[in-house]
Amino acid sequence: MVDRLLGRGRDAEHRTAAAPPSDAADPKRAVWSRVQLARNQRRPRTLEFVAAMADEFVELHGDRAFGDDAAMVVGLARIEDRRFVVVGQQKGADTNENIRRNFGMPHPEGYRKAIRVMELAERFRLPIVTFVDVPGAHPGPESEERGIAEAIARSIGLMSRIRTPIVAIITGEGGSGGAIAIAVGDVVIALENAVYSVISPEGCAAILWRTADEAPTAALAMKMTAADQLALGVVDLVVPEPGDGAHTDHAETARRLRAIIIEQLDRLSAISLESLVEARYRRYRSLGAYTETTEAPVAAPPSRGLADRVRDLLDPGRWPAGVQVPGPGRGRDEPPAREEV
Amino acid sequence: MVDRLLGRGRDAEHRTAAAPPSDAADPKRAVWSRVQLARNQRRPRTLEFVAAMADEFVELHGDRAFGDDAAMVVGLARIEDRRFVVVGQQKGADTNENIRRNFGMPHPEGYRKAIRVMELAERFRLPIVTFVDVPGAHPGPESEERGIAEAIARSIGLMSRIRTPIVAIITGEGGSGGAIAIAVGDVVIALENAVYSVISPEGCAAILWRTADEAPTAALAMKMTAADQLALGVVDLVVPEPGDGAHTDHAETARRLRAIIIEQLDRLSAISLESLVEARYRRYRSLGAYTETTEAPVAAPPSRGLADRVRDLLDPGRWPAGVQVPGPGRGRDEPPAREEV
Amino acid sequence: MPIKLPSFRPRKDAYPPDLWTRCPGCSEMLFNKQLDKANRVCPSCNHHFRLSAAARLEVLLDPGSFRELDAGLQSVDPLGFVDQKAYPDRVVAAQVATGMRDAAIRGIGAIEGTTVSICVMDFGFMGGSMGAVVGEKVTRAAEDATSGRMPLIVVSASGGARMQEGTLALMQLAKTVAAVERLRAAGLPFISLMTDPTTGGVFASYAVLGDVNLAEPNALIGFAGARVSAGTIAQELPPGFQRTEFLFSHGFVDRIVQRAEARAEIAALLRFLVPAPAGAEGADEGGPTLFRPMSFLSSLADRMIGEPDPVPAAGTGQSEESPRG
Amino acid sequence: MPIKLPSFRPRKDAYPPDLWTRCPGCSEMLFNKQLDKANRVCPSCNHHFRLSAAARLEVLLDPGSFRELDAGLQSVDPLGFVDQKAYPDRVVAAQVATGMRDAAIRGIGAIEGTTVSICVMDFGFMGGSMGAVVGEKVTRAAEDATSGRMPLIVVSASGGARMQEGTLALMQLAKTVAAVERLRAAGLPFISLMTDPTTGGVFASYAVLGDVNLAEPNALIGFAGARVSAGTIAQELPPGFQRTEFLFSHGFVDRIVQRAEARAEIAALLRFLVPAPAGAEGADEGGPTLFRPMSFLSSLADRMIGEPDPVPAAGTGQSEESPRG
Ligand SMILES: [Zn+2]
Ligand SMILES: [Zn+2]
């Protein structure tokens, strides 16, 4: 009856042996420290990575319609004889730069700049490498006015069908719609301390626990670490970070990523574009877990027991079973899933 | 030596017998009265034409990026069993509407709305009919900020290659870049009292005669009437207006345009898309008059005599030779061609 | 002054058997039976109340034309997600309350005689949130439209992605949009009808990507939650922020449609956009071919599960706290 | 306060044989010979003076690589246009003054070894205005790039369309853009370099459509004349209006390039964008194939007219009245 539980996660082809965080004594604390590492201000960003790993880089600017968004950087890069297009978010290294770059939260024109340069990549047969590190797309009124949702959706749409290889790398915060907008790829890689989530842990906690203080609890519940995302099949490959995290050794982190990028570009460039695009479609087509029942549905919803059984089908060793519930159930009071996505 | 003088003008296939304005006694006055007719506030606009001639019309809105420009209207229209996409500028019928519609001068979002719906036309294999009536694209700072030039260029580019038939109709003022942006077609039609020019006569006069008062002189010099444009090959077909002009009989004007639209849509739909797009390319490829010489050019520019000879090659009967020069020559003081385009 | 926006939390009285409802638009007390008869549009102020998926299908489709598909799809709990309540318990509670298995119904129907692939969301089921089931239904609706050369109609009513499914919910943005892109490449029309609310990841994926975007009046449509928009940025919100009319003026909605006119509007659009029979040009690769609804439907027969219409006919209640913007 | 923008009217002293030039950026008096040696960039304030087409080709191309094409194209007078002077007289005067036949030079050259199809405009010839000759040269440059599988480089310096050719000048927008679109469809790169000024119909056609748009610092780039913008709308102009940096911040310029670095910048871009030798994928329809410059050039031989480089080497003088924005 259960025909697909974890999508392609269980049989993904490309993986490293990154184990889930082993801080079994306090998993919540372990997860939260990952989130802090992912947000560390000294963590390398797109431009730092490219400067450290590329033999040549020419940044391009502008969306050709409204502006040049400094929270999104794009350009042409070369590693040895491999030429590719770079797309990535860019947080600031200090307060001034953060203000200029809107704390790495792109407006619609940032995503439209990405779209423009990805179309250029397709036309000139250059593969695309994206660096994803974003708290979320910019949520301000001007962002809504100029269509942040449209820009995200259109970027996702382009990446889903574009006839060139895409390597997507979650390097820091993979924040919701603002992340997936440039994270649709033939292979999705994450740095060890990167996180990826459908909503920020603070936002999730504010909605489900009614206080942002429960953000660590929410972070644990959402399984947002790179290792968890690998297990879910959302991420294909986790790259270990040096020392105490990427921020402690930019050069070594970049060196490791560079090797992976070379490996993946070479692997993907050997695949025909037809097969590549079809496989990419299948990759996302298969993500998401559901069951299919033939029981009569009308006014006879599945019993409590069924739901339990479904949950039992999950590997209890993989999924920490004992997540603490911080308060009593709230009956039928059902908050919907929304704050950022 | 002279290999192309008037482009395809002299051998255009589709023409009515519209004669040039016959007010030979005062050609300047005759031309200026045409300009006034083209600008007449009671002249029918896109929405009036469509309401009068179409059996069904659904207006669409928005450029999906910034706004909905009321100076540009787009939608889906049907005449009998012919379905097509409508794109046209829309001036206001009174002051209030003119303010709302920016006096029919589209901002970039107007042209981007047109681009969006033309792409939709191509996808759904609908032909396009455009109604051109614009003093010029909106020249304000916000228009520049949001890329009016880019929007015009991109619209021209799309129309030059789009795989669906295009019937372009100059119904009123064909004002410069703001007009050509939606006037690239497989056939270009003009109403009898429409005008088409590279710059407004006022702008031309301000630059070349240093006073906008000479606008009628400039209008005559630019040969901007429908009949002149037909002779130049820029327009393929002139549709006579009823009575004292289109504004005196909207219904009859629409009836005549409707018949032409039916005829042209039927004619164009019988042509394969390959041939259609190739012929469209050739149409614009051939517009423009130049000569080619083999004389040595360096520091030995063509003699005054050569220029005269070149001019003599033009049909003196077609081109009024005696345009009055309102002032003495200004020596080498050379104004460039710019104000709107 | 920040605009007060509606909470997404249906109160305990969200599904009461009361006889009367107070209209949030004009404060009049409306007799529920008459409100339902008017398709839940206030007769005095035109306020569009939320509509259940079942009622929506009834409003839009030719009577008796709907055949549900994939009625048996049901959420699982891929993360083992527990907040103040376990996710499976929330799902079951929503199922009990609504009689639906999840927040969308999809199938094949007809609009003024044109066969369409349609998917309709229901805000009453966990805020219309999109998890794997909703994503799968939208995707299958798009895929069936593509393979059957039918138009796709999606009626959105959603708070966004379903947090309890984590990034697997986020991946539904990519999954659904990829399917819509294939539909587009095949030259088939997608008409998106946005209703109150269409927000977050649903707005930022298929809902905004219609060839034609329609929206009901005064619906909440936006990306970020209003608290996020106002709070994070410490900025006043413009008037009418994230309402249909705001979206229209900013170029993201083609037409604002009254509920009573939606069916005729969509039918008119389909008359323009549904592929014509292939002529000389239709032989192109990827070009449209004739749709044969009967052969398509018969090929779907083995996928039909359960009864044609498992959704209770009665409206399943909507939370209505929204003041008119 | 409206910004004072430069007049487009070269004064009578626009082409003087003076020894000295006053820099409009810093007011310093610059010795012309040294200014020319510095490619007409002020050594003290980096003001980029206008550059003749001949000098531009020298700055951009590998020495000795340029072969001019279509040198014999020349304007006619399709309208019989006379204002205060007959159009043919204006053309002749410009020819005498500049030694050029019209406002653009085009041909084949090489940039750091990469063969390119290039067209360069000269503001000195009737304000760089685009009539049929300029339109034809840009179009042929794009067509040769397409058929020869070369990149296209266009350096713009123009006040816009040439009024004296009426709508036939306006049609050059469509002609040139159509050719650029064919180049784009063939997967070949177009790099547009905008210099002071790039305005009106030239900006609103090919100049803005580069795959990569480059611009020299502080160049005037815009659509409508400043008088039109300010006058018609009775509105203050934003700071730096229609200058390179303004265009950059609004998303229309990829990179602001110093004149001395333009050649290296373009060469770097070409290393990324010039089609690679066809591999397994290259067999696709419309895909890139190897460029064989020698066979292409030999096929062009019969179109070569006159001497390889008919343009005088000496700079032909530019009007420089522009205050720094
Ligand atoms: Zn009411
Ligand atoms: Zn200086």
Side-chain angles (χ1 to χ4, degrees), chain A residues 5-6 139-141 144-145 147-150 152-153 156-157 160-161 177 180 184 196-199 204 208-209 221-223 229 232 234 281 284-285 287-294 296-299 301-302 304 307 310-311 314 319 323 325 327 329-330 332 334-341, chain C residues 8-9 71-74 76-85 88 92-93 95-96 99 101 126-127 129 132-133 135-136 159-163 166-175 177-178 181 199-201 203-205 208-209 222-225 228-229 232-233 237-238 250 252 305 310:
Chain A
L5 279 174
L6 290 173
E144 299 273 344
E145 282 176 356
I148 187 66
E150 193 272 353
I152 289 172
I156 292 171
S160 75
R161 65 175 158 76
I180 183 71
V184 179
Y196 201 2
S197 61
V198 67
I199 181 173
C204 181
L208 292 183
W209 283 270
M222 289 197 292
K223 301 203 179 299
Q229 293 299 306
L232 284 169
V234 170
Y281 186 83
Y284 289 91
R285 184 70 189 79
L287 286 172
Y290 55 85
T291 72
E292 191 152 8
T293 177
T294 55
V298 184
R304 179 75 181 75
V310 167
R311 192 143 50 116
L314 298 167
W319 309 111
V323 179
V325 180
R330 286 184 286 120
R332 287 184 45 219
E334 183 58 70
R338 172 163 188 259
E339 192 69 348
E340 287 156 355
V341 153
Chain C
F8 283 120
R9 298 197 185 81
L73 294 195
Q74 190 161 276
V76 295
D77 182 17
L79 307 188
F81 194 98
V82 176
D83 53 282
Q84 303 188 4
K85 194 175 186 176
V92 168
Q95 288 174 332
V96 168
R101 285 210 196 279
M126 293 187 71
S129 58
V133 171
E136 186 68 20
R162 189 172 292 171
M163 281 182 291
T167 52
L168 291 175
L170 185 64
M171 294 303 118
Q172 305 309 306
L173 277 68
K175 183 166 96 178
V177 167
E181 289 283 342
T199 57
F203 181 45
S205 58
V208 76
L209 289 182
F223 177 63
V228 175
S229 289
T232 311
I233 309 300
L237 295 178
H250 287 288
F252 301 100
I305 290 161

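Here the structure is a predicted model, which means the values were calculated and not measured. A, B, ... follow the sequence lines: proteins, then strands. Residue 1 opens every chain.
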Could you tell me whether a side-chain N or O of C/Arg162 sits under 3.5 Å from a main-chain N or O of C/Ser129, the two making a donor and an acceptor?
->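 Side chain of C/Arg162 to backbone of C/Ser129: a pair is present.
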By a 4.5 Å heavy-atom criterion (distance strictly below it), what part of A/Ile156 contacts chain C: side chain, backbone, both, or neither?
->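 Both backbone and side chain.
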With a 4.5 angstrom heavy-atom cut-off, could you sort out which part of C/Phe252 is near chain A: side chain, backbone, both or neither?
->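 It is the side chain, since no backbone atom gets that close.
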Chain A interface, residue from C/Val133, C/Thr167, C/Val177, C/Val208 that has the most non-hydrogen pairs under 4.5 Å |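 Winner by heavy-atom pair count: C/Thr167.
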Taking it one step at a time, do A/Tyr196 and A/Gln229 satisfy side chain to side chain donor-acceptor pair (under 3.5 Å)?
-> CA-CA 7 Å; A/Tyr196 201 2; A/Gln229 293 299 306; over 6 Å; no
Can you tell if the side chain of A/Met222 reaches within under 4.5 Å of the side chain of C/Phe81, non-hydrogen atoms only?
->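 SC-SC contact between A/Met222 and C/Phe81 confirmed.
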To the nearest 0.5 angstrom, please state how far the CD1 atom of A/Ile180 sits from the CE atom of C/Met171.
->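 Going from the CD1 atom of A/Ile180 to the CE atom of C/Met171 covers 3.5 Å.
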